[in-house]
Amino acid sequence: MSLLVLKFGGTSVADLDRIRNVAAHVKREYDAGHACAVVVSAMAGQTNQLVSWVEEAWGLQGAQRSGRDASAAYDCREYDAVVSSGEQVTSGLLALVLQSMGVRARSWQGWQIPVRTDEAHQKARITGIEVDEIKAAMLGGEVAVCAGFQGIAPNNRIATLGRGGSDTSAVALAAALQADRCDIYTDVDGVYTTDPRVVAKAHRLDRISYEEMLEMASQGAKVLQTRSVELAMQWGVPVLVRSSFDAPDMPGNPDTGEGIGTLVCHEDEIVEQNVVSGIAYARDEAKVTLLKVADKPGVAARVFGPLSDAHINVDMIVQNVSEDGRSTDLTFTVQSADLDRALEVLKSAKDDIGYGDLRGATDIAKVSAIGVGMRSHAGVAAQMFSALAEKGINIEAISTSEIKISVLIDAAYAELAVRTLHTLFGLDGA
Ligand code: ADP
Ligand code: ASP
Ligand code: MG
């Protein structure tokens with residue numbers, strides 16, 4: 001008997017028929033004698049609906065019409081109270097459907113398990129999961145159907161884990177339960193060399209290392225939430241990404257079900273390694289440019305200090321060479337959602353920093369090539385830059401890690417750049 005965590009995303013639980021299909025996958029594992037915890041997302045589109053109701057209630061959507069100032073932030077604790085409700089519905093429905101099929105099951109909300117988080121409402125981090133009760137229920141033959149995306153903060157209020165957070169709920173639960181595997185069922189049949197909805201020639205990877213998956217996720221491949229990959233890597237949880245649209249009688253174990261899904265695992269468990277394993281892209285960053293900043297020691301600290309105090313993460317940074325030795329231009333990126341706040345912070349700090357002009361733009365995209373093979377292969381960056389140049393794509397900023405090269409480009413060229421790099425690094429499938 002194994003202890004399994006199975007997670008189903010929004011498309012997989014989009015209506016009752018799909019929930020019945022999910023129940024059939026769960027029943028297969030249950031009938032095979034495994035102790036099962038299931039983590040569910042809200043029905044597809046539901047979380048977006050709940051978020052837009054929160055915004056409407058606060059007046060964000062009608063603010064201009066009513067002439068009211070809605071720029072002040074709404075109460076994130078109430079956002080969490082509302083937005084977490086989608087998972088409450090699907091967990092209860094799946095427990096009911098399982099029961100109707102003769103499988104013992106009950107739903108667990110985050111606070112019932114409990115999944116403990118910090119107080120960073122709307123993007124809380126899990127600080128611990130008390131698994132004794134839920135584990136006893138599972139080992140006693142009851143399927144534990146858990147609401148993903150939610151936990152309970154020290155202030156005794158519901159907290160959510162950031163968009164896509166059910167992946168993190170599942171991996172964290174698997175780690176706490178010391179589960180044998182965490183299966184992430186989604187609407188694609190594994191992790192691809194790039195988003196298969198953008199590049200038709202993308203192909204499924206049988207295996208991908210934690211490190212590569214972490215870079216893929218953090219550079220925009222939304223198939224797994226970044227935090228879930230961090231946790232899987234930290235705790236060594238084997239994660240199998242597979243499709244809930246596979247026939248429910250397909251075996252669930254990667255050891256017996258050769259060719260099913262993508263196993264996210266340690267690098268040394270992967271035999272064949274490409275130099276580049278995947279291409280990711282993100283459109284949710286914005287560019288900030290400070291023109292005519294004094295070119296002298298301490299200026300970068302005066303720019304980035306206040307941004308960090310405002311909890312705004314800065315990603316890529318480029319400082320141009322100063323032409324006159326006195327002033328220079330500084331460009332960097334932040335999450336689009338933080339752009340307005342970043343501009344406000346920099347306007348308030350204008351006298352202290354000293355700059356000529358300030359600009360913000362959202363029509364940019366970041367495209368990244370990722371692969372552990374880059375550690376031992378030189379020249380990947382050069383190849384990448386010349387392929388983009390041949391297509392007339394201008395690079396506005398570059399950042400690198402040991403296993404990743406990212407470029408910032410005009411958003412209009414994002415798909416062309418992804419396709420170009422996919423072909424360049426030999427990733428186009430047959
Ligand atoms: P779920 O609702 O199951 O959590 P998501 O929509 O969050 O599913 O993630 C699955 C989606 O991720 C796919 O539909 C696909 O378009 C997208 N995606 C982006 N990059 C990749 C990739 N490299 N491999 C697979 N899917 C990817
Ligand atoms: N329902 C949440 C969201 O849409 C969490 C998840 O699906 O992972 O972001
Ligand atoms: Mg998701």
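Note that ligands are numbered from 1 as they come in the structure, with each ligand's atoms numbered from 1 the same way.
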Answer yes or no: is there an ion pair linking R197 with D187, defined by an N-O contact shorter than 4.0 Å?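 Yes, this pair counts.
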
Under a 4.0 Å N-O cut-off, is there an ion pair linking R106 with E142?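 No.
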
For E87, counting its heavy atoms only, list the atoms of ligand 2 lying under 4.0 Å from any of them.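 Counting from 1, the qualifying ligand atoms are 1 (N), 2 (C), 5 (C).
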
Check each atom of ligand 2 against the heavy atoms of S41 and keep those under 4.0 Å away; list them by number with element.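 Atoms satisfying the 4.0 Å criterion: 6 (C), 7 (O), 8 (O).
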
Does the side chain of [X] pick up a donor-acceptor pair with the side chain of [Y] at under 3.5 Å?
{"X": "H25", "Y": "R28", "answer": "yes"}
{"X": "Q225", "Y": "S228", "answer": "no"}
{"X": "S368", "Y": "S406", "answer": "yes"}
{"X": "S84", "Y": "Q150", "answer": "no"}
{"X": "H121", "Y": "T160", "answer": "no"}

Are any of the N or O atoms of K7 closer than 3.5 Å to those of ligand 2?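 Looking only at distances, the answer is no, because the N/O contact criterion of under 3.5 Å is not met.
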
Keeping T331 on the side-chain end and T289 on the backbone end, is there a donor-acceptor pair under 3.5 Å?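 No, the answer is negative, given that no donor and acceptor are paired below the 3.5 Å cut-off.
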
Do me a favour and list the nearest non-hydrogen protein atom to atom 6 (C) of ligand 2 with residue, atom name and distance?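 Going by distance alone, atom 6 (C) of ligand 2 is nearest to S166 OG, 3.4 Å.
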
For atom 9 (O) of ligand 2, closest protein heavy-atom neighbour: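 Protein heavy atom at minimum distance: R163 NE, 2.7 Å.
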
For G165 and ligand 2, answer yes if some heavy atom of the residue is under 4.0 Å from a ligand atom, otherwise no.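 Yes.
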
If you measure from each heavy atom of G164 to ligand 2, is any distance below 4.0 Å?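 Per 4.0 Å heavy-atom rule, G164 contacts ligand 2.
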
Report the part of Q46 in contact with ligand 2, treating N, CA, C, O as backbone and CB onward as side chain, heavy atoms under 4.0 Å; options are side chain, backbone, both, neither.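 None of Q46 does.
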
Mind listing the N or O contacts between ligand 1 and protein, cut-off under 3.5 Å?
from	atom 1	to	atom 2	distance (Å)
ligand 1	2 (O)	G10	N	3.2
ligand 1	3 (O)	T186	OG1	2.7
ligand 1	4 (O)	K7	NZ	3.2
ligand 1	6 (O)	K222	NZ	3.2
ligand 1	8 (O)	T186	OG1	3.1
ligand 1	14 (O)	D187	OD1	2.8
ligand 1	14 (O)	R197	NE	2.9
ligand 1	14 (O)	R197	NH2	2.9
ligand 1	16 (O)	D195	OD1	2.9
ligand 1	16 (O)	R197	NE	3.1
ligand 1	23 (N)	Y192	O	3.0
ligand 1	24 (N)	Y192	N	2.9

Closest heavy-atom contact between V39 and S166?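 Distance-wise, the nearest heavy atoms are CG1-O, 3.8 Å.
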
Exercise: identify the closest heavy-atom pair between A280 and A221: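 What the structure gives for the nearest pair is CB-N, 4.3 Å.
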
